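For clarity, every value in this text was computed on a predicted model and none was experimentally measured. Letters A, B, ... mirror the listed sequences (proteins, then strands); counts begin at 1. Because only heavy atoms are used, hydrogens play no part in the values below, and waters and symmetry mates are left out as well, while side chains stay in.
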Amino acid sequence: MPCDLTVQIGTLTLGNPVIAASGCFGYGVEYADVVDLSLLGGVAVKGLFLAEREGHPPQRIVETPAGMLNAIGLQGIGVHRFIREKLPELRERRATVIVNICGSTLDEYVELARILSDADGVGALELNISCPNIKEGGITFGCSLNGTFDVVSAVRKATRLPIIPKLTPNVTDVASFARASEEAGADAVSLVNTFLAMAIDVETRRPKLSNIVGGLSGPAIRPIAVRMVYECRRAGKIPVVGMGGIASAADAIEFMIAGAYAVQVGTANFVDPFIWTWLVDGIRDYLQRHGIARVRDLTGTLDTTAREKEWTSS
Amino acid sequence: MPCDLTVQIGTLTLGNPVIAASGCFGYGVEYADVVDLSLLGGVAVKGLFLAEREGHPPQRIVETPAGMLNAIGLQGIGVHRFIREKLPELRERRATVIVNICGSTLDEYVELARILSDADGVGALELNISCPNIKEGGITFGCSLNGTFDVVSAVRKATRLPIIPKLTPNVTDVASFARASEEAGADAVSLVNTFLAMAIDVETRRPKLSNIVGGLSGPAIRPIAVRMVYECRRAGKIPVVGMGGIASAADAIEFMIAGAYAVQVGTANFVDPFIWTWLVDGIRDYLQRHGIARVRDLTGTLDTTAREKEWTSS
Amino acid sequence: MPVDVEARVIANTRLSPDYNVISLAAPAIAAAAAPGQFVMVKLGHGSTPLLRRPFSVFEVLRTGRTVNGLTLLSKRIGVTTQMLFDAVEGDVVSCLGPLGRPYATIDPPAEAWMVAGGVGLAPFATLAEALCARGTSVTLFYGARTGRELFYLDWFRERGVRLVLATEDGSLGDRGRVTQPLERELQAAAGRDLMVYACGPEPMLAAVARVAATYHRASQVSVERVMGCGLGGCYSCVIPVRQDPTGRHYVRSCIAGPVFAGADVVWE
Amino acid sequence: MPVDVEARVIANTRLSPDYNVISLAAPAIAAAAAPGQFVMVKLGHGSTPLLRRPFSVFEVLRTGRTVNGLTLLSKRIGVTTQMLFDAVEGDVVSCLGPLGRPYATIDPPAEAWMVAGGVGLAPFATLAEALCARGTSVTLFYGARTGRELFYLDWFRERGVRLVLATEDGSLGDRGRVTQPLERELQAAAGRDLMVYACGPEPMLAAVARVAATYHRASQVSVERVMGCGLGGCYSCVIPVRQDPTGRHYVRSCIAGPVFAGADVVWE
Ligand SMILES: Cc1cc2nc3c(=O)[nH]c(=O)nc-3n(C[C@H](O)[C@H](O)[C@H](O)COP(=O)(O)OP(=O)(O)OC[C@H]3O[C@@H](n4cnc5c(N)ncnc54)[C@H](O)[C@@H]3O)c2cc1C
Ligand SMILES: Cc1cc2nc3c(=O)[nH]c(=O)nc-3n(C[C@H](O)[C@H](O)[C@H](O)COP(=O)(O)OP(=O)(O)OC[C@H]3O[C@@H](n4cnc5c(N)ncnc54)[C@H](O)[C@@H]3O)c2cc1C
Ligand SMILES: Cc1cc2nc3c(=O)[nH]c(=O)nc-3n(C[C@H](O)[C@H](O)[C@H](O)COP(=O)(O)O)c2cc1C
Ligand SMILES: Cc1cc2nc3c(=O)[nH]c(=O)nc-3n(C[C@H](O)[C@H](O)[C@H](O)COP(=O)(O)O)c2cc1C
Ligand code: FES
Ligand code: FES
């Protein structure tokens with residue numbers, strides 16, 4: 001049985017539901033020799049500001065139980081160099097490009113959206129309103145319902161590209177942010193960004209990260225992220241792109257059953273840069289084994305009716 | 001060098017800063033044959049309602065990467081049977097008892113506080129306004145600043161026992177809840193309770209927990225919990241009791257450096273019920289090694305000045 | 001009083017592609033364990049797996065009168081059982097026990113009928129020994145998917161245990177479930193004094209308890225609930241038991257069980 | 001193009017209570033690796049450790065002309081290096097590589113002066129071989145805490161490498177830091193054409209770069225930053241380099257390095 005793995009986000013069609021998560025795959029081109037970028041559902045590139053940024057001093061990451069903290073501070077080449085230096089190669093490699101954008105002000109998001117709308121080869125915009133690692137902007141929008149609504153509406157007016165606000169998990173009720181995004185005209189929401197967290201070197205009594213706090217990602221957060229995807233799916237109609245600790249096809253499928261149309265994979269790419277093939281193959285196998293013809297029919301199929309017991313002799 | 005391990009929470013003196021976390025140590029008496037209860041800083045007993053409760057149907061727990069979900073649903077014997085059947089043995093074993101109380105209404109918290117104030121052998125009350133596993137009450141208070149303020153003030157008027165609201169991490173700004181608790185007259189705050197989370201069996205497409213969602217605990221959450229303790233310590237003056245994934249003396253010390261006066265240990269007790277001795281000994285060793293005479297002098301000693309590099313030849 | 005032992009692996013025998021018997025140098029636990037009690041084990045460092053897992057004490061290992069250790073019969077279904085399958089001599093398995101309420105033994109002339117499903121065989125080696133030592137006559141009703149998953153048959157025969165086998169594929173003994181020969185023999189056993197012991201998947205236990213009750217026989221069943229601590233600390237392992245003629249109540253199977261009177265459990 | 005190999009452990013030799021050399025059957029990586037390149041390794045299942053860790057390729061193992069594998073020189077400081085220390089023949093180490101920008105070799109009459117601190121010896125075995133093959137004369141300045149932590153001295157001697165040793169406790173070679181004999185010899189080497197290569201703790205690298213610059217010598221240093229991916233994906237491994245006469249800029253040491261011109265790095 002052939003399976004239809006495509007998923008639709010606004011006007012953008014992804015060949016399959018597996019997307020490289022922003023900040024965990026460079027600008028995509030770094031991996032062009034390792035994986036065939038056209039086989040990924042999409043590539044969400046490292047968060048871009050208008051201008052170049054240096055980011056935080058090292059140490060920028062630290063491993064924690066089943067997870068890692070990062071405080072990169074959105075080092076990046078800025079949107080103009082991105083369009084000049086990276087986008088052509090991504091186009092050539094036939095990558096489906098999702099540009100993750102960050103602004104310190106609402107106007108910056110709007111300007112980024114305008115600039116990228118005119119660029120050739122951008123599939124969608126992911127609005128990073130959830131990076132826990134920078135003080136100004138970004139998360140200020142992502143932690144306020146009005147802020148989220150305003151930035152999404154403003155970007156909506158500035159572009160025809162599909163827009164995907166990326167939500168922070170560091171809020172009391174993430175579903176309300178999905179609803180606000182939907183009302184403001186978003187095509188989808190993606191979640192979760194990282195959890196604000198910290199680690200201390202007890203011998204020196206200093207923070208392990210130069211920025212003191214950072215964002216927790218990896219398998220550790222998966223159960224929380226799955227719950228949040230489940231809540232957002234029930235709260236709204238637009239597609240949810242789920243992520244947080246996905247490291248196997250089963251993990252990706254878990255997010256889809258909970259309500260995700262597509263998934264992103266971040267930290268696990270560091271552990272296994274060849275993961276993309278296993279993930280897509282694993283999802284295809286699962287669909288075939290379960291007689292599901294289209295991957296979008298898997299979304300939100302969680303069965304919450306009471307469970308019965310079966311008896312086998314062993 | 002002898003170390004002073006005692007810590008003070010309101011009028012209660014703990015012999016050391018290591019407390020068994022509520023729900024992870026039964027009513028304490030279950031462990032009386034395994035550990036000398038008088039050697040623990042305190043025993044926070046399983047959350048009690050006024051009445052007996054059956055809790056949720058199994059399956060109630062599931063393991064996740066470096067963590068576990070639980071949805072026990074606060075099964076318990078109710079306050080009256082606790083006082084009759086458990087408190088005398090706890091007293092006899094010279095345990096320092098912290099009673100974790102839960103109500104569906106504000107009045108229920110007040111009544112629990114009154115009843116327990118009259119009981120012999122209760123050291124402090126921990127107000128569970130953060131259990132993610134029950135629909136009514138509890139977390140409704142814990143997710144609203146007014147709710148938190150109201151329940152703490154009301155209990156404050158009803159008892160002279162030290163009161164410790166236990167905060168949920170499922171909020172945008174946990175420090176504001178610590179402040180609200182302080183303003184309402186709490187003697188300390190404890191955090192974190194578990195993170196609302198879920199896990200799905202992808203083969204059956206059913207939730208692994210009968211309650212669909214549960215609370216995530218264990219090492220996975222530690223970096224988030226440490227950050228929250230750090231924020232609460234900076235936000236207020238009352239002592240913070242820190243917990244979330246502590247599994248070694250170094251973990252406990254990390255929380256104290258971040259700002260905790262005392263710590264609680266939950267999940268790790270399941271893995272090693274003899275952990276208490278290692279923890280207390282490990283903390284004592286650390287203090288001696290670092291020339292710190294009193295454990296309370298360790299609290300909040302995080303050094304956030306920029307780090308310099310040292311050079312050794314290896 | 002349970003103890004925690006960092007037990008060395010003495011031997012590890014694979015019985016099939018899924019089953020193995022692992023011998024552990026945990027004499028203190030082995031010497032104290034009663035039939036039906038269990039240990040909470042943990043392998044590896046770090047947090048995969050995080051929690052311990054419960055396993056029945058399968059055999060108590062002795063040299064003469066000295067107890068050297070114990071074995072576990074394990075079926076590979078997940079991370080810990082995979083590690084138990086792969087373990088080699090010298091590896092360390094952290095072992096906490098003995099835990100739980102054991103089976104109550106009976107004396108002659110009463111007979112013991114043990115009913116095992118799959119890996120539910122585990123508690124019956126020590127129970128059979130304890131019963132045989134009392135001179136009690138023992139029958140083992142033992143079911144599995146296939147004959148290749150019926151283990152230790154000679155071990156039980158050598159100790160004088162009568163075997164009644166059943167396999168789902170009919171490759172050994174009765175074709176079908178083990179409760180069928182059990183019911184057949186219960187029908188024919190009117191007037192004999194006997195106790196039914198069972199361990200296996202819960203639907204089997206429910207069926208055994210029901211059949212036993214039908215023939216007015218007492219039963220003791222060992223249940224397998226997901227356990228977080230094994231010591232009564234977490235309330236994860238509960239099972240509903242009858243409280244009064246109509247009510248039911250969750251009790252912790254790690255301390256109130258794992259062995260219950262079949263008639264006390266509310267089967268769902 | 002890096003490859004990911006599930007490499008079997010061929011041998012594991014403990015050099016001291018903290019150092020070991022582990023041989024891995026990863027011929028594809030070994031054959032492609034240039035001196036100074038590294039591999040990202042991961043041991044064990046589950047999530048402890050979660051991330052891979054970077055290790056220089058120490059030796060390339062050959063039988064005749066066939067490349068069989070590579071070795072890593074490891075110093076035990078945490079979870080992965082502990083696992084590398086404990087690994088036994090047959091264990092599997094996941095190995096991704098070769099990665100990073102290698103050292104640039106030089107040809108005679110230029111001389112190569114390699115400066116190693118502690119485990120910073122690792123890239124110099126393959127570099128020495130490559131240089132010796134070109135007929136370049138090679139000196140190794142090698143420092144450690146104590147003489148017992150100076151390894152492979154005969155290995156280098158056999159290949160004609162001149163050794164200049166230093167230990168902090170004075171038990172072998174100069175007492176003190178390895179940059180002292182380096183500076184002394186640089187003073188005396190006026191007029192000779194030479195390249196300084198360094199690997200070791202960063203303050204040592206900074207000192208080497210400074211001393212080299214003082215005597216107007218080029219240096220190539222291999223830095224060790226905490227790495228999340230090794231492929232340019234995460235921006236964790238950055239190091240500040242000079243951008244224009246006054247500016248500085250963070251570059252990813254996994255792809256722009258780990259080898260940098262000593263003069264390019266902004267030492268902090
Ligand atoms: C008192 C007691 C005695 C036991 N004795 C034995 C024994 O002697 N030999 C033996 O092989 N097993 C025994 N078991 C079962 C054994 O504990 C489980 O097989 C074991 O926990 C599996 O661990 P794992 O890490 O390999 O699997 P996991 O990776 O934890 O689980 C794999 C899958 O199996 C499911 N699962 C795990 N445990 C259970 C359970 N108890 N009930 C239903 N589903 C479960 C999980 O939800 C998961 O889907 C006993 C259980 C109890 C409670
Ligand atoms: C390009 C490169 C090549 C390397 N080659 C070798 C080699 O050949 N042999 C070798 O033994 N080591 C080498 N290292 C260092 C090696 O990567 C670390 O020792 C290793 O990551 C430690 O892993 P662990 O799991 O044992 O320690 P962890 O448990 O991860 O860490 C233990 C402690 O050490 C600190 N730490 C870990 N890595 C570093 C680091 N790079 N810098 C400073 N502090 C750190 C951690 O913060 C922690 O406090 C190299 C590093 C790089 C970047
Ligand atoms: C090193 C690192 C850098 C990240 N940078 C960004 C970023 O630039 N923009 C963004 O929206 N998210 C960023 N994230 C968050 C990830 O895209 C993702 O939301 C998060 O890591 C959870 O997924 P994971 O558990 O699969 O990694 C970053 C994560 C990591 C680990
Ligand atoms: C099985 C289980 C039951 C719990 N029951 C309670 C409870 O009754 N009351 C409460 O305040 N917290 C309860 N908790 C939360 C713990 O007290 C603690 O806040 C949390 O588990 C984090 O700490 P840990 O990571 O050390 O387990 C429970 C946790 C677990 C795992
Ligand atoms: S397993 Fe924890 S109470 Fe039974
Ligand atoms: S280690 Fe990830 S970018 Fe260098």
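- Looking at every heavy atom in both residues, D:Tyr250 comes nearest to A:Gln75 through O-NE2, 2.7 Å.
- Below 4.5 Å, heavy atoms of chain D meet no heavy atom from residues 242-252 of chain A.
- With contacts defined as side-chain heavy-atom distances shorter than 4.5 Å, the pair D:Val226/A:Pro58 does not qualify.
- A distance of 9.0 Å separates CG in A:Asn70 from OG in D:Ser236, rounded to the nearest 0.5 Å.
- Residue contact with chain A, scored on non-hydrogen atoms closer than 4.5 Å, involves the backbone and the side chain of D:Pro49 alike.
- Within the 3.5 Å criterion, the main-chain N or O of D:Leu51 finds a donor-acceptor partner in the side chain of A:Glu63.
- When heavy atoms are compared at a cutoff of 4.5 Å, D:Arg248 approaches chain A solely by way of its backbone atoms N, CA, C and O.
- The minimum heavy-atom distance between D:Tyr235 and A:Arg60, with the atom names listed, is O-NH1, 2.8 Å.
- Of residues 80-96 of chain A, no residue lies under 4.5 Å from chain D by any heavy-atom pair.
- More than 12 heavy atoms of other residues, nucleotides or ligands lie within 6.0 Å of CH2 in D:Trp267, so this atom counts as buried by the packing criterion.
- The shortest heavy-atom contact between A:Val34 and D:Pro2 is CG2-CG, 3.9 Å.
- What you find for A:Glu30 and D:Leu231 is that their closest heavy atoms are CB-O, 3.6 Å.
- When heavy atoms are compared at a cutoff of 4.5 Å, A:Phe274 approaches chain D solely by way of its side chain, counted from C-beta outward.
- At a 4.5 Å heavy-atom cutoff, the contact between D:Met227 and chain A is made by backbone atoms alone.
- Residues A:Pro273 and D:Leu96 approach most closely at CG-CD2, 3.7 Å, considering heavy atoms.
- Here the closest non-hydrogen pair linking A:Phe270 and D:Cys234 is CZ-CB, 3.3 Å.
- Of the two parts of A:Pro57, the backbone and the side chain both hold a non-hydrogen atom closer than 4.5 Å to a non-hydrogen atom of chain D.
- The neighbour count for D:Arg148 CZ, taken as heavy atoms of other residues, nucleotides or ligands under 6.0 Å away, does not exceed 12.
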